[in-house]
There are 2 protein chains.
Amino acid sequence: MFSEISTTDLVTQISRQITEAIVTGRLKPGTRLTELQLSREFGTSRAPVREAARLLESQGLVVFSPRRGFFVRTLTAVDLRDIYELRIGLELHAASLALERIGQAEVAGLERQIEKLYRLADAGSAESQIFEDFAFHRMLCAASHNTRLVKVYDELATEMRAGITLIGKLYDDPHRIAETHEPIVAALKKGDRKELLEALRDHITVAQEAVVALFHRIEKDDTDAQNGPVWHCG
Amino acid sequence: MFSEISTTDLVTQISRQITEAIVTGRLKPGTRLTELQLSREFGTSRAPVREAARLLESQGLVVFSPRRGFFVRTLTAVDLRDIYELRIGLELHAASLALERIGQAEVAGLERQIEKLYRLADAGSAESQIFEDFAFHRMLCAASHNTRLVKVYDELATEMRAGITLIGKLYDDPHRIAETHEPIVAALKKGDRKELLEALRDHITVAQEAVVALFHRIEKDDTDAQNGPVWHCG
DNA sequence: AATTGTCAATTTGTCGACAATCGGCACCGC
DNA sequence: GCGGTGCCGATTGTCGACAAATTGACAATT
(Lines give C-alpha, C1' and ligand atoms only; values in the text may rest on other atoms or scores of the structure.)
Protein backbone atom coordinates (compact mmCIF):
# COMPACT_ATOMS: atom_id res chain seq x y z
CA MET A 1 0.00 0.00 0.00
CA PHE A 2 2.49 2.61 1.11
CA SER A 3 5.73 2.88 -0.76
CA GLU A 4 8.80 1.98 1.20
CA ILE A 5 10.40 4.80 3.07
CA SER A 6 13.37 4.79 0.81
CA THR A 7 16.05 4.99 3.44
CA THR A 8 18.43 3.20 1.13
CA ASP A 9 21.31 2.57 3.42
CA LEU A 10 24.69 4.08 2.89
CA VAL A 11 26.23 0.92 1.54
CA THR A 12 23.66 0.59 -1.23
CA GLN A 13 24.01 4.26 -2.07
CA ILE A 14 27.78 4.04 -2.30
CA SER A 15 27.78 0.84 -4.32
CA ARG A 16 25.32 2.38 -6.76
CA GLN A 17 27.46 5.47 -7.19
CA ILE A 18 30.61 3.46 -7.80
CA THR A 19 28.74 1.19 -10.21
CA GLU A 20 27.50 4.23 -12.09
CA ALA A 21 31.01 5.65 -12.24
CA ILE A 22 32.33 2.40 -13.67
CA VAL A 23 29.67 1.72 -16.28
CA THR A 24 29.77 5.31 -17.51
CA GLY A 25 33.52 5.09 -17.82
CA ARG A 26 34.31 7.79 -15.28
CA LEU A 27 36.32 5.18 -13.41
CA LYS A 28 38.55 3.46 -15.89
CA PRO A 29 39.53 -0.23 -15.78
CA GLY A 30 42.53 -0.93 -13.62
CA THR A 31 42.00 2.12 -11.45
CA ARG A 32 42.85 1.47 -7.87
CA LEU A 33 40.05 2.18 -5.44
CA THR A 34 41.62 3.25 -2.18
CA GLU A 35 39.23 3.15 0.73
CA LEU A 36 40.43 6.38 2.23
CA GLN A 37 39.96 8.31 -1.00
CA LEU A 38 36.48 6.92 -1.58
CA SER A 39 35.42 7.51 1.99
CA ARG A 40 36.55 11.14 1.73
CA GLU A 41 34.69 11.47 -1.56
CA PHE A 42 31.46 10.19 -0.03
CA GLY A 43 31.98 11.90 3.30
CA THR A 44 31.78 8.67 5.26
CA SER A 45 34.15 6.39 7.07
CA ARG A 46 35.85 3.44 5.46
CA ALA A 47 33.52 0.74 6.79
CA PRO A 48 30.56 1.37 4.44
CA VAL A 49 32.96 1.79 1.53
CA ARG A 50 34.51 -1.60 2.18
CA GLU A 51 31.12 -3.28 2.29
CA ALA A 52 30.05 -1.58 -0.92
CA ALA A 53 33.28 -2.56 -2.65
CA ARG A 54 32.87 -6.18 -1.59
CA LEU A 55 29.38 -6.14 -3.08
CA LEU A 56 30.75 -4.86 -6.34
CA GLU A 57 33.39 -7.54 -6.28
CA SER A 58 30.82 -10.29 -6.03
CA GLN A 59 29.15 -8.75 -9.07
CA GLY A 60 32.42 -8.81 -10.95
CA LEU A 61 32.73 -5.07 -11.42
CA VAL A 62 35.85 -4.78 -9.28
CA VAL A 63 38.49 -7.27 -8.32
CA PHE A 64 39.84 -7.59 -4.84
CA SER A 65 43.38 -8.49 -3.97
CA PRO A 66 43.92 -9.21 -0.26
CA ARG A 67 46.17 -6.71 1.46
CA ARG A 68 46.30 -4.71 -1.75
CA GLY A 69 42.79 -3.45 -2.19
CA PHE A 70 40.13 -3.02 -4.81
CA PHE A 71 40.66 -2.33 -8.51
CA VAL A 72 38.21 -1.61 -11.28
CA ARG A 73 38.07 -4.80 -13.31
CA THR A 74 39.60 -4.77 -16.73
CA LEU A 75 37.47 -6.77 -19.11
CA THR A 76 39.30 -8.77 -21.72
CA ALA A 77 37.98 -9.87 -25.09
CA VAL A 78 37.58 -13.36 -23.66
CA ASP A 79 35.54 -11.96 -20.78
CA LEU A 80 33.26 -10.20 -23.21
CA ARG A 81 32.92 -13.35 -25.28
CA ASP A 82 31.95 -15.30 -22.17
CA ILE A 83 29.53 -12.65 -21.02
CA TYR A 84 27.70 -12.43 -24.33
CA GLU A 85 27.78 -16.18 -24.72
CA LEU A 86 26.14 -16.52 -21.34
CA ARG A 87 23.68 -13.83 -22.27
CA ILE A 88 22.62 -15.83 -25.32
CA GLY A 89 21.87 -18.87 -23.18
CA LEU A 90 20.08 -16.80 -20.58
CA GLU A 91 18.04 -14.58 -22.83
CA LEU A 92 16.99 -17.31 -25.25
CA HIS A 93 15.84 -19.39 -22.34
CA ALA A 94 13.97 -16.40 -20.96
CA ALA A 95 12.32 -15.78 -24.31
CA SER A 96 11.30 -19.40 -24.55
CA LEU A 97 9.65 -19.18 -21.15
CA ALA A 98 8.13 -15.82 -21.98
CA LEU A 99 6.42 -17.40 -24.96
CA GLU A 100 4.22 -19.32 -22.54
CA ARG A 101 3.82 -16.72 -19.84
CA ILE A 102 3.90 -13.25 -21.31
CA GLY A 103 0.78 -11.14 -20.94
CA GLN A 104 -0.74 -8.60 -23.29
CA ALA A 105 0.45 -5.66 -21.23
CA GLU A 106 4.02 -6.91 -21.43
CA VAL A 107 3.84 -7.32 -25.19
CA ALA A 108 2.53 -3.78 -25.44
CA GLY A 109 5.37 -2.61 -23.23
CA LEU A 110 7.92 -4.16 -25.55
CA GLU A 111 6.32 -2.47 -28.55
CA ARG A 112 6.33 0.90 -26.78
CA GLN A 113 9.97 0.35 -25.99
CA ILE A 114 10.79 -0.15 -29.65
CA GLU A 115 9.04 3.10 -30.50
CA LYS A 116 11.10 4.79 -27.83
CA LEU A 117 14.21 3.46 -29.56
CA TYR A 118 13.05 5.01 -32.84
CA ARG A 119 12.42 8.35 -31.16
CA LEU A 120 15.85 8.32 -29.57
CA ALA A 121 17.37 7.46 -32.93
CA ASP A 122 15.74 10.57 -34.37
CA ALA A 123 16.88 12.63 -31.41
CA GLY A 124 20.38 11.35 -31.98
CA SER A 125 21.01 10.66 -28.32
CA ALA A 126 23.23 7.59 -28.55
CA GLU A 127 23.86 7.10 -24.87
CA SER A 128 20.26 7.01 -23.78
CA GLN A 129 19.48 4.76 -26.71
CA ILE A 130 21.94 2.21 -25.38
CA PHE A 131 20.27 2.53 -22.01
CA GLU A 132 16.80 1.93 -23.44
CA ASP A 133 18.12 -0.90 -25.56
CA PHE A 134 19.13 -2.65 -22.37
CA ALA A 135 15.74 -1.84 -20.90
CA PHE A 136 14.06 -3.65 -23.80
CA HIS A 137 16.01 -6.83 -23.24
CA ARG A 138 15.42 -6.64 -19.53
CA MET A 139 11.68 -6.41 -20.15
CA LEU A 140 11.91 -9.46 -22.35
CA CYS A 141 13.69 -11.39 -19.61
CA ALA A 142 11.21 -10.19 -17.02
CA ALA A 143 8.44 -11.66 -19.19
CA SER A 144 9.83 -15.07 -18.29
CA HIS A 145 8.38 -14.40 -14.83
CA ASN A 146 11.50 -15.94 -13.34
CA THR A 147 12.92 -13.45 -10.86
CA ARG A 148 16.12 -15.40 -10.33
CA LEU A 149 16.84 -15.27 -14.03
CA VAL A 150 16.24 -11.52 -14.17
CA LYS A 151 18.63 -11.01 -11.29
CA VAL A 152 21.43 -12.80 -13.09
CA TYR A 153 20.63 -10.92 -16.25
CA ASP A 154 20.88 -7.60 -14.44
CA GLU A 155 24.37 -8.42 -13.24
CA LEU A 156 25.34 -9.44 -16.72
CA ALA A 157 23.89 -6.23 -18.11
CA THR A 158 26.01 -4.01 -15.89
CA GLU A 159 29.08 -5.84 -17.06
CA MET A 160 28.05 -5.40 -20.67
CA ARG A 161 27.43 -1.71 -20.11
CA ALA A 162 30.88 -1.41 -18.60
CA GLY A 163 32.30 -3.01 -21.71
CA ILE A 164 30.28 -1.00 -24.20
CA THR A 165 31.04 2.34 -22.60
CA LEU A 166 34.70 1.77 -23.28
CA ILE A 167 33.95 1.44 -26.95
CA GLY A 168 31.76 4.45 -27.42
CA LYS A 169 29.23 3.49 -29.98
CA LEU A 170 28.35 0.08 -31.27
CA TYR A 171 26.38 0.75 -34.40
CA ASP A 172 26.66 3.32 -37.12
CA ASP A 173 22.98 3.72 -37.85
CA PRO A 174 20.86 4.28 -34.74
CA HIS A 175 17.72 3.43 -36.71
CA ARG A 176 19.09 -0.05 -37.33
CA ILE A 177 19.17 -0.61 -33.59
CA ALA A 178 15.47 0.02 -33.30
CA GLU A 179 14.68 -2.02 -36.39
CA THR A 180 16.52 -5.12 -35.29
CA HIS A 181 14.16 -5.44 -32.34
CA GLU A 182 11.07 -5.73 -34.49
CA PRO A 183 11.46 -9.37 -35.58
CA ILE A 184 11.84 -10.43 -31.97
CA VAL A 185 8.50 -9.02 -30.89
CA ALA A 186 6.91 -10.15 -34.15
CA ALA A 187 7.92 -13.76 -33.51
CA LEU A 188 6.81 -13.45 -29.91
CA LYS A 189 3.35 -12.32 -30.98
CA LYS A 190 3.09 -15.07 -33.54
CA GLY A 191 4.07 -17.57 -30.90
CA ASP A 192 6.69 -19.00 -33.21
CA ARG A 193 9.40 -20.35 -30.94
CA LYS A 194 11.88 -21.30 -33.62
CA GLU A 195 11.66 -17.90 -35.27
CA LEU A 196 11.89 -16.11 -31.92
CA LEU A 197 15.01 -17.93 -30.83
CA GLU A 198 16.69 -17.44 -34.18
CA ALA A 199 15.90 -13.74 -34.27
CA LEU A 200 17.20 -13.26 -30.74
CA ARG A 201 20.33 -15.29 -31.31
CA ASP A 202 21.13 -13.30 -34.44
CA HIS A 203 20.46 -10.03 -32.68
CA ILE A 204 22.73 -10.79 -29.75
CA THR A 205 25.42 -12.44 -31.84
CA VAL A 206 25.76 -9.29 -33.92
CA ALA A 207 26.40 -7.28 -30.78
CA GLN A 208 28.75 -9.92 -29.43
CA GLU A 209 30.87 -10.02 -32.54
CA ALA A 210 31.09 -6.25 -32.72
CA VAL A 211 32.11 -5.91 -29.07
CA VAL A 212 34.55 -8.79 -29.05
CA ALA A 213 36.19 -7.66 -32.28
CA LEU A 214 36.65 -4.17 -30.90
CA PHE A 215 38.13 -5.51 -27.72
CA HIS A 216 40.54 -7.65 -29.67
CA ARG A 217 41.66 -4.55 -31.51
CA ILE A 218 42.02 -2.62 -28.28
CA GLU A 219 44.11 -5.37 -26.73
CA LYS A 220 46.27 -5.59 -29.81
CA ASP A 221 46.84 -1.85 -29.78
CA ASP A 222 47.73 -1.95 -26.13
CA THR A 223 50.37 -4.59 -26.64
CA ASP A 224 51.70 -2.91 -29.78
CA ALA A 225 52.19 0.35 -28.02
CA GLN A 226 54.67 -0.70 -25.41
CA ASN A 227 53.40 1.70 -22.81
CA GLY A 228 50.56 0.11 -20.91
CA PRO A 229 47.14 1.68 -21.01
CA VAL A 230 47.04 5.02 -19.27
CA TRP A 231 44.52 4.10 -16.65
CA HIS A 232 44.21 6.60 -13.93
CA CYS A 233 41.24 8.10 -12.24
CA GLY A 234 40.94 11.71 -13.27
CA MET B 1 56.31 -23.08 -7.21
CA PHE B 2 55.24 -22.76 -3.59
CA SER B 3 51.61 -23.20 -2.84
CA GLU B 4 49.80 -20.05 -1.86
CA ILE B 5 50.24 -19.14 1.75
CA SER B 6 46.60 -19.76 2.31
CA THR B 7 45.89 -16.69 4.34
CA THR B 8 42.36 -16.66 3.02
CA ASP B 9 41.17 -13.50 4.60
CA LEU B 10 38.81 -13.56 7.51
CA VAL B 11 35.84 -12.43 5.46
CA THR B 12 36.15 -15.31 3.02
CA GLN B 13 36.63 -17.76 5.85
CA ILE B 14 33.59 -16.51 7.71
CA SER B 15 31.38 -16.41 4.65
CA ARG B 16 32.39 -19.97 3.80
CA GLN B 17 31.56 -21.18 7.28
CA ILE B 18 28.17 -19.52 7.29
CA THR B 19 27.47 -20.86 3.81
CA GLU B 20 28.37 -24.35 4.97
CA ALA B 21 26.12 -24.00 7.99
CA ILE B 22 23.21 -22.95 5.79
CA VAL B 23 23.55 -25.56 3.05
CA THR B 24 23.99 -28.34 5.57
CA GLY B 25 20.90 -27.16 7.39
CA ARG B 26 22.63 -26.32 10.65
CA LEU B 27 21.27 -22.82 10.24
CA LYS B 28 17.60 -23.09 9.45
CA PRO B 29 15.70 -20.75 7.12
CA GLY B 30 14.40 -17.65 8.83
CA THR B 31 17.04 -17.73 11.54
CA ARG B 32 18.21 -14.31 12.49
CA LEU B 33 21.93 -13.77 12.17
CA THR B 34 22.96 -11.27 14.82
CA GLU B 35 26.33 -9.77 14.23
CA LEU B 36 27.37 -9.88 17.85
CA GLN B 37 26.57 -13.57 18.19
CA LEU B 38 28.39 -14.49 15.00
CA SER B 39 31.41 -12.39 15.88
CA ARG B 40 31.62 -14.08 19.25
CA GLU B 41 31.29 -17.46 17.55
CA PHE B 42 34.16 -16.73 15.19
CA GLY B 43 36.22 -14.86 17.74
CA THR B 44 36.40 -11.72 15.63
CA SER B 45 34.86 -8.29 15.71
CA ARG B 46 31.66 -7.40 13.90
CA ALA B 47 33.26 -5.77 10.87
CA PRO B 48 34.37 -8.93 9.04
CA VAL B 49 31.07 -10.59 9.89
CA ARG B 50 29.12 -7.77 8.29
CA GLU B 51 31.16 -7.97 5.12
CA ALA B 52 30.75 -11.73 4.95
CA ALA B 53 27.01 -11.45 5.50
CA ARG B 54 26.67 -8.87 2.75
CA LEU B 55 28.50 -11.25 0.43
CA LEU B 56 26.07 -14.00 1.26
CA GLU B 57 23.22 -11.63 0.66
CA SER B 58 24.38 -10.87 -2.86
CA GLN B 59 24.44 -14.62 -3.44
CA GLY B 60 20.90 -14.93 -2.21
CA LEU B 61 21.66 -17.15 0.77
CA VAL B 62 20.61 -14.56 3.32
CA VAL B 63 18.32 -11.59 3.11
CA PHE B 64 19.13 -8.24 4.60
CA SER B 65 16.67 -5.83 6.08
CA PRO B 66 18.12 -2.41 6.88
CA ARG B 67 18.24 -1.62 10.57
CA ARG B 68 16.97 -5.12 11.29
CA GLY B 69 19.78 -7.35 10.22
CA PHE B 70 20.46 -10.54 8.31
CA PHE B 71 18.23 -13.59 8.14
CA VAL B 72 18.76 -16.98 6.55
CA ARG B 73 16.66 -16.93 3.42
CA THR B 74 13.58 -19.12 3.34
CA LEU B 75 13.22 -20.67 -0.08
CA THR B 76 9.69 -21.07 -1.36
CA ALA B 77 8.44 -23.59 -3.89
CA VAL B 78 8.37 -20.78 -6.45
CA ASP B 79 12.00 -19.94 -5.67
CA LEU B 80 12.96 -23.55 -6.24
CA ARG B 81 11.00 -23.67 -9.47
CA ASP B 82 12.81 -20.53 -10.66
CA ILE B 83 16.19 -21.85 -9.61
CA TYR B 84 15.81 -25.17 -11.37
CA GLU B 85 14.27 -23.50 -14.38
CA LEU B 86 17.28 -21.24 -14.62
CA ARG B 87 19.53 -24.21 -14.12
CA ILE B 88 17.97 -25.91 -17.12
CA GLY B 89 18.69 -22.92 -19.31
CA LEU B 90 22.20 -22.56 -17.98
CA GLU B 91 23.25 -26.18 -18.00
CA LEU B 92 21.79 -27.01 -21.39
CA HIS B 93 23.58 -24.02 -22.84
CA ALA B 94 26.77 -25.15 -21.15
CA ALA B 95 26.37 -28.65 -22.53
CA SER B 96 25.79 -27.29 -25.98
CA LEU B 97 29.00 -25.31 -25.77
CA ALA B 98 30.83 -28.24 -24.22
CA LEU B 99 29.95 -30.33 -27.24
CA GLU B 100 32.30 -28.18 -29.27
CA ARG B 101 34.99 -27.54 -26.71
CA ILE B 102 35.30 -30.48 -24.36
CA GLY B 103 38.60 -32.33 -24.33
CA GLN B 104 39.32 -35.99 -23.85
CA ALA B 105 40.55 -35.50 -20.32
CA GLU B 106 37.31 -33.80 -19.37
CA VAL B 107 35.22 -36.61 -20.83
CA ALA B 108 37.28 -39.09 -18.86
CA GLY B 109 36.75 -36.98 -15.75
CA LEU B 110 33.00 -37.14 -16.19
CA GLU B 111 33.14 -40.92 -16.58
CA ARG B 112 35.25 -41.28 -13.46
CA GLN B 113 32.74 -39.14 -11.63
CA ILE B 114 29.90 -41.48 -12.58
CA GLU B 115 31.87 -44.42 -11.27
CA LYS B 116 32.37 -42.53 -8.04
CA LEU B 117 28.60 -42.13 -7.84
CA TYR B 118 28.19 -45.89 -8.18
CA ARG B 119 30.75 -46.51 -5.46
CA LEU B 120 29.02 -44.09 -3.11
CA ALA B 121 25.70 -45.77 -3.88
CA ASP B 122 27.20 -49.06 -2.74
CA ALA B 123 28.69 -47.41 0.31
CA GLY B 124 25.27 -46.01 1.11
CA SER B 125 26.56 -42.57 1.92
CA ALA B 126 23.71 -40.41 0.68
CA GLU B 127 25.09 -37.02 1.68
CA SER B 128 28.40 -37.35 -0.10
CA GLN B 129 26.60 -38.77 -3.11
CA ILE B 130 24.59 -35.56 -3.38
CA PHE B 131 27.85 -33.63 -3.12
CA GLU B 132 29.48 -35.64 -5.90
CA ASP B 133 26.35 -35.39 -7.99
CA PHE B 134 26.74 -31.63 -7.92
CA ALA B 135 30.41 -32.03 -8.76
CA PHE B 136 29.48 -33.95 -11.90
CA HIS B 137 27.22 -31.20 -13.15
CA ARG B 138 29.80 -28.59 -12.30
CA MET B 139 32.37 -30.46 -14.37
CA LEU B 140 29.92 -30.53 -17.24
CA CYS B 141 29.45 -26.77 -17.00
CA ALA B 142 33.17 -26.22 -16.72
CA ALA B 143 33.57 -28.08 -20.01
CA SER B 144 31.84 -25.13 -21.66
CA HIS B 145 35.08 -23.26 -20.99
CA ASN B 146 33.03 -20.24 -20.04
CA THR B 147 34.18 -19.09 -16.63
CA ARG B 148 31.36 -16.59 -16.22
CA LEU B 149 28.82 -19.32 -16.75
CA VAL B 150 30.46 -21.57 -14.19
CA LYS B 151 30.43 -18.76 -11.66
CA VAL B 152 26.69 -18.29 -12.01
CA TYR B 153 26.19 -22.03 -11.86
CA ASP B 154 28.12 -22.24 -8.61
CA GLU B 155 25.86 -19.69 -6.98
CA LEU B 156 22.83 -21.56 -8.22
CA ALA B 157 24.26 -24.81 -6.90
CA THR B 158 24.64 -23.51 -3.36
CA GLU B 159 21.02 -22.42 -3.43
CA MET B 160 19.96 -25.82 -4.67
CA ARG B 161 21.99 -27.52 -1.96
CA ALA B 162 20.30 -25.32 0.62
CA GLY B 163 16.95 -26.45 -0.73
CA ILE B 164 17.78 -30.13 -0.96
CA THR B 165 19.22 -30.34 2.52
CA LEU B 166 15.88 -29.31 3.93
CA ILE B 167 14.30 -32.27 2.24
CA GLY B 168 16.70 -34.98 3.27
CA LYS B 169 16.96 -37.34 0.39
CA LEU B 170 15.75 -36.91 -3.13
CA TYR B 171 15.74 -40.40 -4.57
CA ASP B 172 14.92 -43.75 -3.14
CA ASP B 173 17.44 -45.79 -5.07
CA PRO B 174 20.96 -44.36 -4.95
CA HIS B 175 21.96 -46.52 -7.92
CA ARG B 176 19.39 -44.77 -10.06
CA ILE B 177 21.20 -41.49 -9.41
CA ALA B 178 24.38 -42.85 -10.89
CA GLU B 179 22.57 -44.49 -13.79
CA THR B 180 20.75 -41.40 -14.90
CA HIS B 181 24.05 -39.71 -15.63
CA GLU B 182 25.11 -42.30 -18.17
CA PRO B 183 22.98 -41.14 -21.11
CA ILE B 184 24.33 -37.61 -20.72
CA VAL B 185 27.95 -38.64 -21.16
CA ALA B 186 26.96 -41.13 -23.86
CA ALA B 187 25.32 -38.42 -25.93
CA LEU B 188 28.25 -36.13 -25.30
CA LYS B 189 30.68 -38.75 -26.63
CA LYS B 190 28.53 -39.41 -29.65
CA GLY B 191 28.39 -35.70 -30.33
CA ASP B 192 24.62 -35.89 -30.64
CA ARG B 193 23.36 -32.49 -29.56
CA LYS B 194 19.67 -33.26 -29.68
CA GLU B 195 20.08 -36.37 -27.60
CA LEU B 196 22.38 -34.62 -25.13
CA LEU B 197 19.99 -31.77 -24.51
CA GLU B 198 17.02 -34.06 -24.15
CA ALA B 199 18.84 -36.32 -21.71
CA LEU B 200 19.97 -33.37 -19.62
CA ARG B 201 16.58 -31.70 -19.62
CA ASP B 202 14.92 -34.89 -18.50
CA HIS B 203 17.51 -35.45 -15.83
CA ILE B 204 17.14 -31.99 -14.36
CA THR B 205 13.38 -31.86 -14.74
CA VAL B 206 13.02 -35.00 -12.66
CA ALA B 207 14.97 -33.37 -9.85
CA GLN B 208 13.03 -30.13 -10.25
CA GLU B 209 9.65 -31.80 -10.02
CA ALA B 210 10.67 -33.81 -6.98
CA VAL B 211 12.03 -30.78 -5.13
CA VAL B 212 9.22 -28.43 -6.03
CA ALA B 213 6.56 -30.98 -5.14
CA LEU B 214 8.16 -31.57 -1.76
CA PHE B 215 8.33 -27.85 -1.11
CA HIS B 216 4.70 -27.46 -2.00
CA ARG B 217 3.88 -30.11 0.55
CA ILE B 218 6.05 -28.44 3.16
CA GLU B 219 4.38 -25.11 2.58
CA LYS B 220 0.96 -26.67 2.76
CA ASP B 221 1.83 -28.35 6.05
CA ASP B 222 3.11 -25.12 7.45
CA THR B 223 -0.09 -23.26 6.69
CA ASP B 224 -2.25 -26.16 7.88
CA ALA B 225 -0.55 -26.28 11.21
CA GLN B 226 -1.36 -22.83 12.45
CA ASN B 227 1.85 -22.47 14.36
CA GLY B 228 4.55 -21.16 12.08
CA PRO B 229 7.62 -23.25 11.47
CA VAL B 230 9.78 -23.54 14.52
CA TRP B 231 12.85 -21.81 13.18
CA HIS B 232 15.52 -21.27 15.69
CA CYS B 233 19.21 -21.72 15.60
CA GLY B 234 20.19 -24.57 17.88
C1' DA C 1 -10.42 -7.06 26.42
C1' DA C 2 -8.13 -4.79 22.86
C1' DT C 3 -5.49 -1.03 21.56
C1' DT C 4 -2.22 2.47 22.38
C1' DG C 5 1.76 4.64 24.66
C1' DT C 6 6.11 4.25 27.12
C1' DC C 7 10.45 2.42 28.39
C1' DA C 8 14.45 -0.57 28.76
C1' DA C 9 17.35 -3.87 26.54
C1' DT C 10 19.21 -5.39 22.49
C1' DT C 11 21.06 -4.63 17.95
C1' DT C 12 22.49 -2.13 13.99
C1' DG C 13 25.11 1.90 11.59
C1' DT C 14 29.01 4.37 11.62
C1' DC C 15 33.19 6.06 13.15
C1' DG C 16 38.16 6.79 14.52
C1' DA C 17 42.31 4.27 16.03
C1' DC C 18 45.97 1.01 15.96
C1' DA C 19 48.72 -2.89 14.29
C1' DA C 20 50.16 -5.56 10.22
C1' DT C 21 51.51 -5.42 5.66
C1' DC C 22 52.75 -3.73 1.08
C1' DG C 23 55.15 -0.90 -2.52
C1' DG C 24 58.69 2.06 -3.58
C1' DC C 25 63.22 4.20 -2.79
C1' DA C 26 67.65 4.90 -1.36
C1' DC C 27 71.56 2.50 0.04
C1' DC C 28 75.06 -0.99 -0.04
C1' DG C 29 78.17 -4.54 -1.62
C1' DC C 30 79.83 -6.65 -5.66
C1' DG D 1 76.52 -0.60 -13.43
C1' DC D 2 73.51 -3.99 -11.15
C1' DG D 3 71.07 -6.94 -8.06
C1' DG D 4 69.88 -7.45 -3.43
C1' DT D 5 68.58 -5.36 1.22
C1' DG D 6 66.53 -2.66 4.61
C1' DC D 7 63.85 1.36 5.73
C1' DC D 8 59.57 4.55 5.30
C1' DG D 9 55.24 6.21 3.96
C1' DA D 10 50.81 4.69 2.60
C1' DT D 11 47.08 1.40 2.79
C1' DT D 12 44.57 -2.41 4.44
C1' DG D 13 42.68 -5.57 8.34
C1' DT D 14 40.59 -5.49 12.45
C1' DC D 15 38.92 -3.75 16.57
C1' DG D 16 36.23 -1.35 20.34
C1' DA D 17 33.10 2.53 21.14
C1' DC D 18 29.19 5.38 20.68
C1' DA D 19 24.76 7.12 18.64
C1' DA D 20 20.41 5.79 16.53
C1' DA D 21 16.94 2.58 15.79
C1' DT D 22 14.23 -1.59 16.69
C1' DT D 23 12.07 -5.08 19.53
C1' DG D 24 9.31 -6.76 23.09
C1' DA D 25 7.17 -6.19 27.44
C1' DC D 26 4.43 -3.79 30.53
C1' DA D 27 1.25 -0.25 31.98
C1' DA D 28 -2.49 2.94 30.90
C1' DT D 29 -6.58 4.12 28.57
C1' DT D 30 -10.79 3.62 26.04
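Residue numbering restarts at 1 for every chain, and letters A, B, ... go by the order of the sequence lines.
Atom CZ of A/Arg46 and atom P of D/dT14 are 11 Å apart (whole Å). Rounded to an integer number of Å, the gap from CZ of B/Arg67 to P of D/dT22 is 7 Å. Remark: P of C/dG13 and CG of A/Leu10 are 11 Å apart, rounded to the nearest angstrom. One interatomic measurement links the two molecules: CD of A/Glu51 to C1' of C/dT12, which rounds to 11 Å at whole-angstrom precision.
Between A/Ala47 and B/Leu33, it is B/Leu33 whose nearest contact on DNA chain C lies nearer the 5' terminus.
Listed pair B/Arg50 / C/dG13 meets the phosphate criterion, a side-chain N or O lying under 4.0 Å from OP1 or OP2.
Between B/His181 and B/His137, the ring planes are tilted. Angles from 30° to 60° get that label.
B/Ile88 approaches B/Gln208 most closely through the heavy-atom pair CD1-OE1, 3.8 Å. In this structure, A/Leu90 and B/Leu90 approach most closely via the heavy-atom pair CD1-CD1, 3.9 Å. For the pair B/Ser39 and B/Ser45, the tightest heavy-atom approach, listed with the atom from each and the gap, is CB-O, 3.5 Å.
Using a 4.0 Å cut-off between charged side-chain N and carboxylate O, A/Arg101 and B/Glu85 make a salt bridge. The pair A/Asp79-B/Arg148 does not meet the salt-bridge criterion, since no charged nitrogen lies less than 4.0 angstrom from a carboxylate oxygen.
Identified under the side-chain hydrogen bond (donor to acceptor under 3.5 Å, both in side chains) test for residues 10-23 of chain A, with sequence neighbours left out: A/Asp9-A/Thr12.
Side-chain contact annotation: A/His145 with A/Glu106, donor-acceptor N/O pair under 3.5 Å present.
Shown for residues 54-64 of chain A: residues whose heavy atoms fall under 4.0 angstrom of DNA chain D, namely A/Phe64.
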Practice item. Using a 4.0 Å heavy-atom cut-off, write out nucleotides 6-11 of chain C from 5' to 3' as B (base contacted by protein), S (sugar-phosphate only) or - (no contact). Key: -----S
